Structures are given as structure tokens and as C-alpha cells.
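Reminder, nothing fancy here: chain letters follow the sequence lines and each chain counts from 1. These numbers come from a predicted model, not from an experiment.
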Number of protein chains: 2
Amino acid sequence: MEQPPWNVMVATCPSRTSLARIANKWTAMIVIALTSGRLRFGEIRRAVDGISGKVLADTLRDLERDGIVSRTAYDEMPPRVEYDLTPLGRSLRGPLTALGQWAEAHIEEVEASRAAYDEKTMPEEISTR
Amino acid sequence: MEQPPWNVMVATCPSRTSLARIANKWTAMIVIALTSGRLRFGEIRRAVDGISGKVLADTLRDLERDGIVSRTAYDEMPPRVEYDLTPLGRSLRGPLTALGQWAEAHIEEVEASRAAYDEKTMPEEISTR
DNA sequence: ATCTGCGGTTACGTTGAGGTAACAGGTTAC
DNA sequence: GTAACCTGTTACCTCAACGTAACCGCAGAT
């Protein structure tokens with residue numbers, strides 16, 4: 001395999017648009033949700049607590065367009081559509097679940113750091129306890 | 001290690017704010033840039049091509065607040081400030097560099113998928129109606 | 001001394017992401 | 001029949017992220 005000329009650190013490189021798509025909280029949560037298998041729209045919406053229908057629809061469309069997620073619409077009534085990770089999308093599970101687990105594992109450290117930072121930079125007013 | 005009660009899939013869980021911070025294109029690129037070692041503000045700005053001074057300053061401040069990046073200001077003239085990954089930040093290098101490499105490695109697949117998607121969904125010409 | 005240049009930061013205006021709520025359309029209940 | 005309901009999508013409006021450009025403070029040049 002040749003070394004590709006693509007470089008996300010170059011502003012005009014197309015790979016940066018791809019990085020922007022995958023380095024995104026909604027993308028991360030949707031991919032994490034789909035890790036356990038294919039899901040319907042409503043199921044993803046319930047799995048990714050707090051996501052609005054619009055954002056979910058938009059993000060899924062972008063992910064489908066980029067070949068990360070597959071969309072299968074069944075012509076029945078009421079309408080049913082199932083989403084799944086493509087092989088390409090499955091290759092993202094590792095890094096993205098790692099980010100999710102990192103956020104959960106280190107939130108206490110992060111919050112402690114935030115408290116120390118705020119204490120140091122802001123005059124002591126609220127909190128103090 | 002006990003299993004933490006934190007869960008990024010729950011909208012109100014504090015870990016989600018942390019996920020939002022790290023699942024971000026600017027964060028990813030800055031961490032990638034700092035992977036090779038500590039850098040000054042201007043050096044990061046040159047490394048992360050196209051980032052504006054404001055966004056770089058804001059993102060670095062947030063990363064410092066979260067304990068991911070350390071900031072060392074030298075009291076000399078002209079002013080000099082160096083940024084480095086903390087141990088916590090170093091634990092992000094793996095997943096974030098993986099995302100960067102993914103973007104570079106799969107951009108051709110992604111672009112092909114986009115082209116196919118656009119071809120399929122958009123008619124050749126705009127149907128004037 | 002004043003002028004110029006650079007590193008880091010901040011004020012302001014614009015754009016685009018995201019939330020709200022209504023919609024399409026078929027199926028069931030009446 | 002039609003009225004209510006369910007799934008996925010879309011129109012509209014708000015607000016925060018982002019880029020532009022000016023700013024601040026001092027060193028070195030003139």
C-alpha cells in the first residue's frame with residue numbers, strides 16, 4: 001500500500017471533511033448505538049438520549065452518504081427503516097467507542113480539573129464549598 | 001475497578017459534556033499536533049492549518065480547563081507560551097490519531113460513496129417545476 | 001525617544017448547526 | 001367513510017461556534 005498524500009492537517013485536504021464528520025459527538029453516539037446491531041430510527045433515537053429528530057435524520061443521512069451507515073427502507077405500513085454499520089463504519093467502532101469509554105472513565109478527573117481551573121482563574125465568589 | 005455509573009448515552013450525564021469536547025475536529029487536530037511534543041501557540045497554529053487564532057485560543061483554554069493540555073507561560077519578552085499534553089491528554093492520543101488516520105486512509109472510499117449517493121438521489125439536472 | 005513587528009488575546013458580525021413543531025401517508029378504530 | 005395515531009422527514013427560527021480584524025505590551029531598529 002502506498003503512503004497516501006492525504007493529510008488532515010492541511011486545510012484544503014478532502015480528508016479533513018471526513019475527519020469533521022467522524023470527530024463529532026453525534027456521530028460517535030450513533031456509531032456506539034449501532035455497535036450492538038442494526039436499529040430502527042426510533043430505536044436509535046431512544047438509545048441516543050436527547051437527540052432531536054432533525055439532528056438524527058441529518059446525521060444519519062450524512063453517514064449514509066459517506067458510506068458509514070447503510071439504510072434499508074421496507075415498503076410496509078407503518079413505514080420501517082433500519083440502519084446498520086457498513087464494513088467501513090465498523091472500522092470506526094474501535095476509536096469511537098474508545099472515546100465514549102474515555103469520557104465515562106475520566107469524567108471525575110475532568111470535573112476536578114475544571115473545578116481547580118475555575119477556582120484559580122475566577123475570583124472566589126460562588127461555590128466556596 | 002468498579003463499573004462507573006456514568007453513561008454518555010444519557011443526556012444529562014456529565015460524561016457527555018466530556019465526549020462533546022473530545023469528539024471534535026479541532027480537539028483531534030490539536031492533540032495530533034501535540035503528539036510529537038510540546039509546542040508554542042504559533043507552532044500549533046501553523047501545524048493545524050487553517051485554524052483561526054480565536055478558535056485555537058478558545059479550544060486550548062477548554063482543553064487546559066479539562067486537564068487535557070498543560071499551559072506554561074514564560075515571563076519573558078516577547079511573550080512565550082508552551083502547550084503540552086498532560087498524562088490525561090496523552091491517553092487520548094490513541095483514539096484521536098486513529099480518527100485522523102482513518103480519515104486519511106478512507107477518504108477515497110468516502111468520496112466514492114458520496115458520489116454514488118449524490119448520483120442516486122439527485123437527478124442529473126434540476127427538474128424545473 | 002518613536003516606529004515597527006510579533007505573540008497571544010479579545011470584540012464584534014456572520015454563518016451554520018441544532019431544537020421545536022408540524023407534516024405526509026397509510027393503517028387501525030369507530 | 002373519517003378521525004386518530006404512528007414513523008420518519010422537513011420548515012422555520014434561535015443561538016452558539018466560527019472567522020475577521022483590531023488590540024496590547026514590549027524588544028529591537030532607526
Exercise for review: Assess the side chains of Tyr74(A) and Arg80(A): does a donor N or O sit below 3.5 Å from an acceptor N or O?
Suggested key: no

What nucleotide among [options] has an atom nearest to a side-chain atom of [X]?
X        : options                  : answer
Arg40(B) : dT10(C), dT7(D), dG7(C)  : dG7(C)
Lys25(A) : dG18(C), dT9(D), dG19(D) : dG18(C)
Arg71(A) : dT9(D), dG8(C), dC12(D)  : dT9(D)
Phe41(B) : dT9(D), dG8(C), dG19(D)  : dG8(C)
Trp26(A) : dG19(C), dG19(D), dT9(C) : dG19(C)
Lys54(B) : dA11(C), dT9(C), dT9(D)  : dA11(C)
Arg61(B) : dG8(D), dT10(C), dG18(C) : dT10(C)

Review point. Does a side-chain N-to-carboxylate-O contact under 4.0 Å join Glu82(B) and Arg38(B)?
Key: yes

Check your understanding: Got a salt bridge between Arg65(B) and Asp62(B), using NZ or NE/NH1/NH2 to carboxylate O under 4.0 Å?
Key ->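 No, no charged N to carboxylate O under 4.0 Å.
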
How many whole angstroms separate atom [atom1] of [X] from atom [atom2] of [N]?
X        : N       : atom1 : atom2 : answer
Leu56(A) : dT20(C) : CG    : C1'   : 16 Å
Arg46(B) : dG8(C)  : CZ    : C1'   : 13 Å
Arg80(B) : dG25(D) : CZ    : C1'   : 17 Å
Leu60(A) : dT7(D)  : CG    : C1'   : 14 Å
Asp62(A) : dG16(C) : CG    : P     : 14 Å
Ile51(A) : dG18(C) : CD1   : P     : 9 Å
Tyr74(B) : dG8(C)  : OH    : C1'   : 16 Å
Asn24(B) : dG16(C) : CG    : P     : 18 Å

Point to revise | Arg90(A) side chain reached by Thr86(A) side chain, heavy atoms, under 4.5 Å | key: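 No. Closest side-chain heavy atoms not under 4.5 Å.
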
Exercise for review: Could you tell me the separation between the CZ atom of Arg46(A) and the CZ atom of Phe41(A), rounded to the nearest 0.5 Å?
Suggested key: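 Taking CZ in Arg46(A) and CZ in Phe41(A), the distance rounds to 11.0 Å.
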
